[in-house]
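Presented below is the structure to which this report refers.
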Amino acid sequence: MDLPLADGSPQPAVITAGDLRYGRECEYALLVTADVRLGLREPVPAVVDPVRDRFGDLGREYEREVTDELTEQVGGEAGDGVVDARRLDAAGVLAVLDDPATRLVHQAAVRGDRFSGRADHLLRDDAGWVVAETKLARSPRPHALLQAAAYADALAGSGVRVASFVRLILGDGTHHDAPRDELAEELAEVRSRLLEVLDTHVAEGAPVTWGDPRWRACLRCDACRAELAAREDVGLVAGVRTATRRALLEAGVTTMTELAGRTAPVEGIDDTALTALRSQARLQLTEPTPEDPLPYEVHDPAALAALPPPSEGDVFFDFEGDPLWRGTTPTDQGLEYLFGSLTATGEFVPFWAHDREQERAALIGFVGWLRERLERWPDLHVFHYSPYERTALTRLAARHDVLREDVAQILDSGVFVDLYAVVKAGVRVGSSSYSIKRLEPLYMGDELRDADGVTAGGDSIIEYQRYREAVAAGNATEAAARLEDLRQYNEYDCRSTLRLRDWLLAHADAQAPQVTAAS
């Protein structure tokens, strides 16, 4: 966004295409950004997210690929009629578009009424200039469509003959065209609201205040999470969603401490749900100690008691996948590179896959291995944490058109047991997250993860990327070391799943809910 100068010059705020996303999702973050640019506050420290950063890099790489492909398609090897407009301002772009010889423009500066931006691609079409945006996502996102529509609207306002549709070039190589008239109403509403928010805020001349009811907050972005943490906000309590938080705030319950002590009803939240939230807040407020690293409460012993009894053939299973992996075609994306399986006797059995054919072989190998175990131990179960394993197996069988009936039969027979569902049904822990890594202080004891190694799913994605880079560079030693780190990470996840199952079984006979030290 472009804002008035700190000396109070009268120029109005100018929004960008990126600001439109704020307008749909988080007005508070928009105003925090505005305050930084106005010199009214320091920037919010960004949460380090290597996966988000890597997706950003891949998005820029994909945009370059699309730019090269379009250039060759339209202009041939010489690039005739293709203009790289990165050094042109909006007036220069309009001049280029007016030239009959121009057929394709990349990175076109666009300026309209209180709007500016740079469109990825403008393609000449019989119907007029088509605004095309490159997006790594494989499905059209509303904010991406609004961005493209905003560029088209600004160009039309400058007298350019624009096509009646905008285009998204998606990460799988497909094109999604959307009629501009279907986007016009939402674009007008979002832009109008955005300018109203900015104009009102700038006129007040003071930093935005957290909790101002005029501004919508998403509760998920860096700016919102920083405020939630600083104020011990009820939004930090696991299970509190936006509507729930709103009901609590309206009842005067603003902090976790106030929620933990709340005994009176809250309009809009039933008594059972309020009791659960109150217990959750109390657990999260309980300070961990070396002796009691994670307070917990077994609130429904029957949910734990419903677990199947142990079998010598039980398997503890965890996938490692790389959503950033790309095959030979744009539509070929995402690879399940490790099917990790730990037996009840402690044997780790990995099925590796580094390309699509190996993924097919790994699926066949894993299902065959599991079938053999089922013949020997018909009472075995496959324990996992989260629904992902079931979903991924079904997707893989469909992708490779193999073992569809076998996979469906195994899943439908109740062999797979999701411990995440069991935990959520019967246990509360003093954590805002119920990822298995947050639960491990309950049962891993002195074998907690090494903080210096691969410790989280995001780390594993980046580590696998580094493995592939080492392979491409011919560095076999580094590649082997990266792969070994990933094997150890996955084996630990499987062992963690086994230990969690044993802890649920050990606590299945709890008689009454109570806050208890980890054991």
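Heavy-atom basis, side chains included; hydrogens, waters and symmetry copies ignored.
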Enumerate the residue pairs fulfilling ring pair (Phe, Tyr, Trp, His ring centres under 6.0 Å) with a member in [range], sequence neighbours excluded, ordered by first and then second residue.
range            : result
residues 194-235 : Y28-W210
residues 102-135 : H106-H121, F115-Y151
residues 221-245 : none

Non-hydrogen side-chain atoms of [X] and [Y] separated by less than 4.5 Å:
X    : Y    : answer
L70  : I169 : yes
T275 : R278 : yes
E320 : D318 : yes
L335 : D355 : no

Over all atoms of both residues, closest heavy-atom pair of [X] and [Y]:
X    : Y    : result
V208 : D35  : N-OD2, 2.7 Å
G235 : L228 : CA-CD2, 4.5 Å
A238 : S431 : CB-O, 3.9 Å

If a pair satisfies salt bridge (Lys or Arg N to Asp or Glu O under 4.0 Å) and one of its residues is in [range], list it, with sequence neighbours excluded.
range            : answer
residues 92-116  : R114-D199
residues 136-146 : none
residues 387-401 : E336-R395, E359-R399, D401-R404

Whether H354 and Y464 hold their rings parallel, tilted or perpendicular, with breakpoints at 30° and 60°: parallel

Parallel, tilted or perpendicular, as decided by the 30° and 60° cut-offs, for the rings of F319 and Y388: perpendicular

Residues in salt bridge (charged side-chain N to carboxylate O under 4.0 Å, His left out) with [X], at least two apart?
X    : answer
R54  : E61
R438 : none
R216 : E27
E72  : none

Ring pair (Phe, Tyr, Trp, His ring centres under 6.0 Å) partners of F416, counting only residues at least two apart: H384

side-chain hydrogen bond (donor to acceptor under 3.5 Å, both in side chains): pairs with one or both residues in residues 233-244, sequence neighbours excluded: D233-R245

F317 and F366 aromatic centres sub-6.0 Å: yes

Modelled atom types, side-chain donor and acceptor of [X] and [Y], under 3.5 Å:
X    : Y    : answer
Q465 : E469 : no
D19  : T16  : yes
S432 : Q284 : no

Ion pair check, R24 and E186, cut-off under 4.0 Å: yes

Ion pair R118/E63, N-O distance below 4.0 Å: no

E204, CD atom: more than 12 neighbouring heavy atoms under 6.0 Å: yes

More than 12 heavy atoms of other groups within 6.0 Å of F55 CZ: yes

Short side-chain to backbone donor-acceptor contact, T255 and E258, under 3.5 Å: yes

Whether D120 side chain and T134 backbone form a donor-acceptor pair below 3.5 Å: yes

Candidate pair L122 and V160, rule side-chain contact (heavy atoms from CB on, under 4.5 Å), full reasoning: CA-CA 11 Å; L122 302 178; V160 177; over 6 Å; no

Worked check of salt bridge (Lys or Arg N to Asp or Glu O under 4.0 Å) between R225 and D222: CA-CA 5 Å; R225 299 299 291 182; D222 291 345; over 6 Å; no

